[in-house]
There are 2 protein chains.
Amino acid sequence: MAPDPDCIFCKIVQGEIPSAVVYTDDRVIAFEDISPSAPVHLLVIPVDHVTFLTGLDESSEALIGHMALVAGNLAIEKGIDDSGYRLVLNQGPDAGQMVDHLHMHLLGGGPLGGVAT
Amino acid sequence: MAPDPDCIFCKIVQGEIPSAVVYTDDRVIAFEDISPSAPVHLLVIPVDHVTFLTGLDESSEALIGHMALVAGNLAIEKGIDDSGYRLVLNQGPDAGQMVDHLHMHLLGGGPLGGVAT
């Protein structure tokens with residue numbers, strides 16, 4: 001899928017905007033959130049420009065699961081797998097999705113409060 | 001994988017504890033959270049007893065992605081896909097994981113606040 005020329009996360013994937021990348025493979029890239037909400041706050045995004053889960057079919061299930069398993073491995077690397085961490089996918093305005101490129105937040109490093117609201 | 005006899009979510013899967021089930025297939029089951037944190041608050045869980053992402057290998061990626069895509073379809077059914085929704089996986093104590101059976105929260109139906117902390 002072609003990158004979206006107006007998408008800041010596509011520009012990060014392309015290396016056109018610098019970011020603190022912590023992991024990359026052929027399907028996903030992970031980097032530090034520039035405005036962290038927790039001591040550990042990473043974003044895991046697909047290399048391809050995808051905005052919404054609801055546009056995806058079963059062929060994308062492995063990609064979404066891969067994002068989660070990569071996040072879990074990064075939690076181990078960051079030393080927060082035992083203390084605990086939260087994975088979050090925000091979709092649309094009520095959730096405050098800030099960038100129209102699917103992204104999974106990995107949050108941890110201290111108590112995170114409630115369920116997630 | 002055998003159900004855990006001490007797990008409340010395994011008991012829901014087995015039908016031993018009643019719950020407001022909204023979706024089921026051979027891999028996952030979804031039901032209303034009994035203590036909702038948002039106007040729409042569902043849980044999507046694997047039929048098999050799994051506790052942590054970090055114990056999983058690549059063969060489980062499709063299952064985790066399937067949970068997310070089922071949640072996205074439920075967001076459509078609940079009429080919150082346009083207004084927005086949040087998917088959350090809590091792992092371990094800092095995230096407040098309440099039941100040791102992997103579960104994905106689907107939250108929506110109104111503004112959810114911050115990223116998720």
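Sequence lines set the chain letters: A, B, ... in the order given, protein chains first and strands last, and positions in each chain run from 1.
Contact of B:L56 with chain A is made through backbone and side chain together, with heavy-atom distances under 4.5 Å. For B:D82, the part sitting under 4.5 Å from any heavy atom of chain A is the backbone (N, CA, C, O) and nothing else. For A:D57, the part lying near chain B is the backbone, with the side chain staying farther off; criterion is any non-hydrogen pair under 4.5 Å.
No other option in A:G92, A:P111, A:G109, A:A68 has as many heavy-atom pairs under 4.5 Å with chain B as A:P111. Chain A forms more heavy-atom pairs under 4.5 Å with one residue of B:G108, B:A75, B:P93 than with any other, namely B:P93.
A donor-acceptor pair under 3.5 Å links the side-chain atoms of A:H101 to the main chain of A:D48, judged by distance alone. Not a single donor-acceptor pair under 3.5 Å links the side chain of A:R86 to the backbone N or O of A:L107. Here the side chain of B:T54 pairs no donor or acceptor atom with the backbone of A:G72 at under 3.5 angstrom. A donor-acceptor pair under 3.5 Å is formed between the side chain of B:D94 and the backbone N or O of A:G110.
Across B:V44 and B:A71, no two heavy atoms sit closer than the pair CG2-CB, 4.1 Å. Taking every heavy atom of both residues into account, A:A95 and A:Q91 meet most closely at CB-N, 3.7 Å. When all heavy atoms are compared, the tightest approach of B:F52 to B:Q97 is CE2-OE1, 3.5 Å.
Counting heavy atoms from C-beta outward, A:L106 and A:L87 have side chains that approach closer than 4.5 Å. Using a 4.5 Å heavy-atom cutoff, the side chains of B:Y85 and B:L42 are not in contact.
Expressed to the nearest 0.5 Å, how far CG of B:L53 lies from CG of B:L89 amounts to 5.5 Å. In this structure, CG on B:D100 lies 5.0 Å from OG1 on B:T51, to the nearest 0.5 angstrom.
The interface of residues 60-67 of chain A with chain B, defined by heavy-atom distances below 4.5 Å, comprises A:E61, A:A62, A:I64, A:G65, A:H66. Residues from residues 4-32 of chain A that place a non-hydrogen atom less than 4.5 Å from a non-hydrogen atom of chain B comprise A:R27, given in numerical order.
The distance between the ring centers of B:H103 and B:H105 falls below 6.0 angstrom.
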